[in-house]
Amino acid sequence: MSRELGKIYEPKDVEKKLYDFWECSGFFKSNIDDSKEVYTVVMPPPNITGKLHMGHALDDTLQDILVRFKRMKGYNVLWVPGIDHAAIATEAKITEQMRKEGIKKEDLGREEFLNRAWKWKEEYGGFISEQVKKIGCCCDWAHERFTMDEGCSKAVSEFFVRLYEKGLIYRGKRIINWCPKCLTSISDSEVNFEENQGNFWHIKYQILGSNEFVVIATTRPETMLGDTALAVHPDDERFKHLIGKKVIVPIIGREIPIVSDEYVKMDFGTGVVKITPAHDPNDFEVGLRHNLPVINIMDENAVLNDEAGKYQGLSRYEARKKIVSDLEELGALLKTEDIKHNVGSCYRCSSVIEPRVSTQWFVKMKPLAGPAIDCVKNGDVKFIPERFSKIYYHWMENVKDWCISRQLWWGHRIPAWYCSDCGEITVSKEPAKECSKCKSKNIVQDEDTLDTWFSSALWPFSVFGWPDETDEFKHFFPTDTLVTGYDIIFFWVSKMIFSSLEMTGKIPFKNVFIHGLVRDSQGRKMSKSLGNGVDPIEVIEKYGADALRFTLATGNSPGNDMRFSDEKVLSSRNFANKIWNAARFIHMNLEGQDVKNEIPDDLSETDKWIISRFNNIVLEVTENIEKFELGLALQKLYDFIWDEFCDWYIEFSKINILENPKDCIGNKQVLVWIMSGTLKLLHPFMPFITEEIWQSFPQSEKSIVISEFPEYNKNFDFKRSEGIVKRVIEIIRSIRNRRAEMNVPQNKKTSVYIDLSEEFSNLKEYKNIIKKLSYSDNLKFGNDFNIENCAVILTSFAKIYIPLKELIDKDLELKRMNKELENSKRYLESSKLKLCNEKFMSKAPENVINNIKNTVLELESKILKIESEIKNIEKL
RNA sequence: GGGAGUGUAGCUCAGCUGGUUAGAGCACUUGCCUUACAAGCAAGGGGUCACAGGUUCGAGUCCUGUUACUCCCACCA
């Protein structure tokens, strides 16, 4: 039973051992069990690329806290772990790896490339799971899923086909965001806009058949090669006469019309805009309205093509330079201004995005958005904190169609086949063998794959075997709580909600628990380019998983960003060590004795006090966790353990145990019982250390993981004892305080005389405790002391005298007494004022009024005492 | 341009539905190796809760306005 605990807690010695023990014992496994209430969480799947970062550690820790709590509360818990194939990110990594070897994607071919990708998955997938385990996550590994495994892929086809058949997926020629480096389209939300210092070139276009010019201003002069119109605002008096006329594009000499369109802002630039439908999203729209030709002047690498004439083969930036200098030579360049404007770049590789007209697949969003908004509005899905629902509405209400096709190989291939005979598109869950219209065998599958989020949108139900109505799907879905960061609400949360509603008719989860970003100690975002990222695994190796978890779970509130610093982890580590040593103290006193882990029949007031305090903490912590106030819950546990249990109850126990080492089994039982209970409360937050200590005490369960979370018990509510011990502590504190003020070192013992008021005369029973903890070597109770040359401490229920003899300074003491008198009088005044206030008396609740009345009585007696003591001292 | 958040001790942050004289960690000062823990113990200093109004018997907490910073969305040819 009593295992030897080292002086310092060494996480390394226990974490791996305990995790293996938990896993082998099957504590994390869950099966269908109708006798228990279900609690399901699906883990946001980390990308298959690279390592876990601090954001994952936070996300996983929060989930683990909730899941462990619910398991201890008796729920049938399932936490599904998994990994995301991360199409574009992974493909970029593999392509990069190949580039170093001098191989191109095309050289390898689709099949070989995919072989490589799967090898990558095998290698890195296990690596990520290992990291999740190191954090301590109690997920059910038997349920682990991958977004491209067979089941999830089946779900993806089902999703695509159903939406297509309902007319919610369409294929169309649109202008999309093209990344010239990743060579794929990306969705609007994958584009990052950043302010950029650029130039605003003013260029003259000659009006056909006249010597007049109009001037346009542009930041992208190279696109003029694709101009098919100029546009002005219909109400712009300056240019009304030009509408319908033609102008000549400089350099290339093409004749293009001047159209009118409300898109043009009269007060921006020159009021005249060049329209290049192939290379600007707004121009594309204008082009559609005015039936303008679309001239694409660039290839997929953003290099100018044969439409660009003599500029063919130049990159977009080389072409820009050349065209500007050519315009200058021609005299068509009127002036060059500086301008700040936003430039979009790829969220993966940061290349500047090139708007590009191409044929892509889209999801029609409007019909899907409605129900997705409603289920949050009516409370079926709750965001925590609530304010994030506003952000969600705002986005959903303005959502645009979702471009889902990607020109990548790593991902779910679009289940569409094109017939070379009749041109019909065949969309099918199973690989198509023939054209659905003309039955021709001459069909080819779409080369493109689907956006990663298309499969992660299905995650909460695809992991349970949907579209099959599996028993698991019926039992565990909808899930309970989704834990994720606010940065991913648009990317992912919104997509899961509308997909789930559309496919299963149910919400995917009841709660969305949103957390913020983990920033560095200076508040900067952790990023690769800054090199300020902190590796959670390194932190674990240095300080332990529990210290990391404590750091991430405490000191911040839901939805807010937090800063991560070594100092914080250090203080968390110290907390772990504090608990460890409390356990050591208890063990030390258990030596050779058979102490039961239960509350004894005969309880002292201090026992009742700590039990009552513990009982109260149980109630508060449970409530806090249920309300997702994890930081608050943990703070309360910290305070209880450190301040109340260690600093007071253990100190009380020491005195008791030292006095009668054989005869205090009851006290020892309480120590073991409180410690065990506290460990259980703390276990969801700090699983390793709590398990290690818990097992070292007599317990009925073989693991804390499957023990019962403590319940509030009204029989353990000892308010009277709390009052008594509170006063004992007050006496001790006030004596220590006075000694410190007088610079009496702790190793110098003094005499202390205490004159208790009648109703608290029973505090005499705590003589030994007070004597020891107030550094006294001579403690007497009574009311007939010779108090000459004594420092006096007054509480509402006692007068305390310390004969400090030569140490005391009369003037200093008088000054202090007068100051205290002032304070008490001021406080009394403000309290009395409240009691005289009729409105206060009629409206404030009874307990508030009673508190103040008591305060007034206490203050009045205290003031009297102070005044008489001042007189006494003055006589000296 | 639209939306959201934040502003509390030197620093990092708590403070739940308004209720005694506002808290923690770190840092700082002083004294302690006291039979778990110096990764510790005891005591202390330090805050007109961004500013101005308002509601209320009572405001860090609710309302209005101002101001500073941060983030998100949209996007300026």
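Residue numbers begin at 1 in each chain, while the letters A, B, ... track the order of the sequences.
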Please table the atom pairs, donor to acceptor, closer than 3.5 Å between any side-chain atom in residues 563-570 of chain A and protein atoms at least two apart or in another chain.
{"residue": "A/S565", "atom": "OG", "partner": "A/K568", "partner atom": "N", "Å": "3.4"}
{"residue": "A/D566", "atom": "OD2", "partner": "A/Y543", "partner atom": "OH", "Å": "3.2"}
{"residue": "A/K568", "atom": "NZ", "partner": "A/R563", "partner atom": "O", "Å": "2.9"}

Problem - B/U20 base / A/Y827 side chain donor-acceptor hit below 3.5 Å - result: yes
List the residues meeting side chain to side chain donor-acceptor pair (under 3.5 Å) with [X], not counting sequence neighbours, and say none if there are none.
X	value
A/E651	A/K654
A/N850	none
A/Y347	A/E190
A/S345	none

Practice task
Please say whether more than 12 non-hydrogen atoms of neighbouring residues, nucleotides or ligands are located less than 6.0 Å from CD in A/E397.
Solution key: yes
Exercise for the section: Flag the pair A/K335 and A/E337 as a salt bridge only when some basic side-chain nitrogen lies within less than 4.0 angstrom of an acidic carboxylate oxygen. Expected result: yes
Regarding [X], tell me which of base, sugar-phosphate or nothing describes its non-hydrogen contacts under 4.0 Å with the strands shown.
X	result
A/W642	sugar-phosphate
A/S557	sugar-phosphate
A/D647	sugar-phosphate
A/L517	nothing

Given atom [atom1] of [X] and atom [atom2] of [N], what is their separation to the nearest angstrom?
X	N	atom1	atom2	value
A/F388	B/G3	CZ	P	18 Å
A/K578	B/G40	NZ	P	7 Å
A/M675	B/A36	CE	P	15 Å

Fill in the blank from the handout: The ring pair (Phe, Tyr, Trp, His ring centres under 6.0 Å) partners of A/Y9 (sequence neighbours excluded) come to A/W580
Practice task
Return the set of residues passing ring pair (Phe, Tyr, Trp, His ring centres under 6.0 Å) with A/F268 (not counting sequence neighbours), or none when no residue passes.
Solution key: A/F200
Practice task
Identify, between A/N847 and A/N556, the residue whose nearest nucleotide on RNA chain B lies closer to the 5' end.
Solution key: A/N556
Completion exercise
Sorted by position of nearest nucleotide on RNA chain B, 5' first, the leading residue of A/I586 and A/R733 is A/I586
Distances for protein N/O vs nucleotides 22-32 of chain B N/O pairs under 3.5 angstrom?
{"residue": "B/A24", "atom": "O2'", "partner": "A/Q635", "partner atom": "NE2", "Å": "3.4"}
{"residue": "B/G25", "atom": "O2'", "partner": "A/S571", "partner atom": "OG", "Å": "3.3"}
{"residue": "B/G31", "atom": "O2'", "partner": "A/Q746", "partner atom": "N", "Å": "3.4"}
{"residue": "B/G31", "atom": "N2", "partner": "A/Q746", "partner atom": "OE1", "Å": "3.3"}
{"residue": "B/G31", "atom": "N2", "partner": "A/Q746", "partner atom": "NE2", "Å": "3.1"}

Completion exercise
Output field dot_bracket for RNA chain B (Watson-Crick or G-U, both distances under 3.5 Å, | for other-strand pairs) contains (((((((..((((.....[...)))).(((((.......))))).....(((((..]....))))))))))))....
Write down the distance separating the [atom1] atoms in [N] and [M], rounded off to the nearest Å.
N	M	atom1	value
B/A9	B/G44	C1'	14 Å
B/A52	B/C57	C1'	23 Å
B/A50	B/G15	P	15 Å
B/U34	B/G40	C1'	11 Å
B/U35	B/C41	P	15 Å
B/G47	B/U21	C1'	14 Å
B/U8	B/A14	C1'	10 Å

Practice task
May I ask you to check whether A/H587 and A/F697 place their ring centers less than 6.0 Å from one another?
Solution key: yes
Exercise for the section: Give a yes or no on whether the ring-centroid distance for A/F685 and A/F550 is below 6.0 angstrom. Expected result: no
Problem - Distance test, side-chain N/O of A/N737 to OP1/OP2 of B/G44, below 4.0 Å - result: yes
Practice task
Would you tell me if any nitrogen or oxygen in the side chain of A/S565 comes within less than 4.0 Å of OP1 or OP2 on B/U12?
Solution key: no
Handout entry: Ring geometry between A/Y649 and A/F652 (parallel below 30°, tilted from 30 to 60°, perpendicular above 60°)
Key = perpendicular
Show me the protein contacts with nucleotides 6-9 of chain B, counting only N or O atoms at under 3.5 Å.
none

For [Y], does its backbone N or O pair with a side-chain atom of [X] as donor and acceptor, under 3.5 Å?
X	Y	result
A/D261	A/Y263	yes
A/N342	A/F193	no
A/N177	A/I186	yes

Handout entry: Per-nucleotide protein contact string for nucleotides 67-77 of chain B, where B marks a base within reach and S marks sugar-phosphate only (heavy atoms under 4.0 Å, - for neither)
Key = -----SS-BBB
Completion exercise
With B for base contact, S for sugar-phosphate-only contact and - for none (protein heavy atoms under 4.0 Å), nucleotides 54-60 of chain B reads ---B---
Closest nucleotide among [options] to the [X] side chain:
X	options	answer
A/E651	B/G19, B/C16, B/C37	B/C37
A/N577	B/U12, B/C16, B/A39	B/A39
A/K7	B/A14, B/C37, B/A36	B/C37
A/R573	B/A4, B/A39, B/A42	B/A39

Regarding [X] and [Y], is there a side-chain donor-to-acceptor distance under 3.5 Å anywhere?
X	Y	result
A/N616	A/E620	yes
A/T276	A/D227	yes
A/T855	A/S831	no

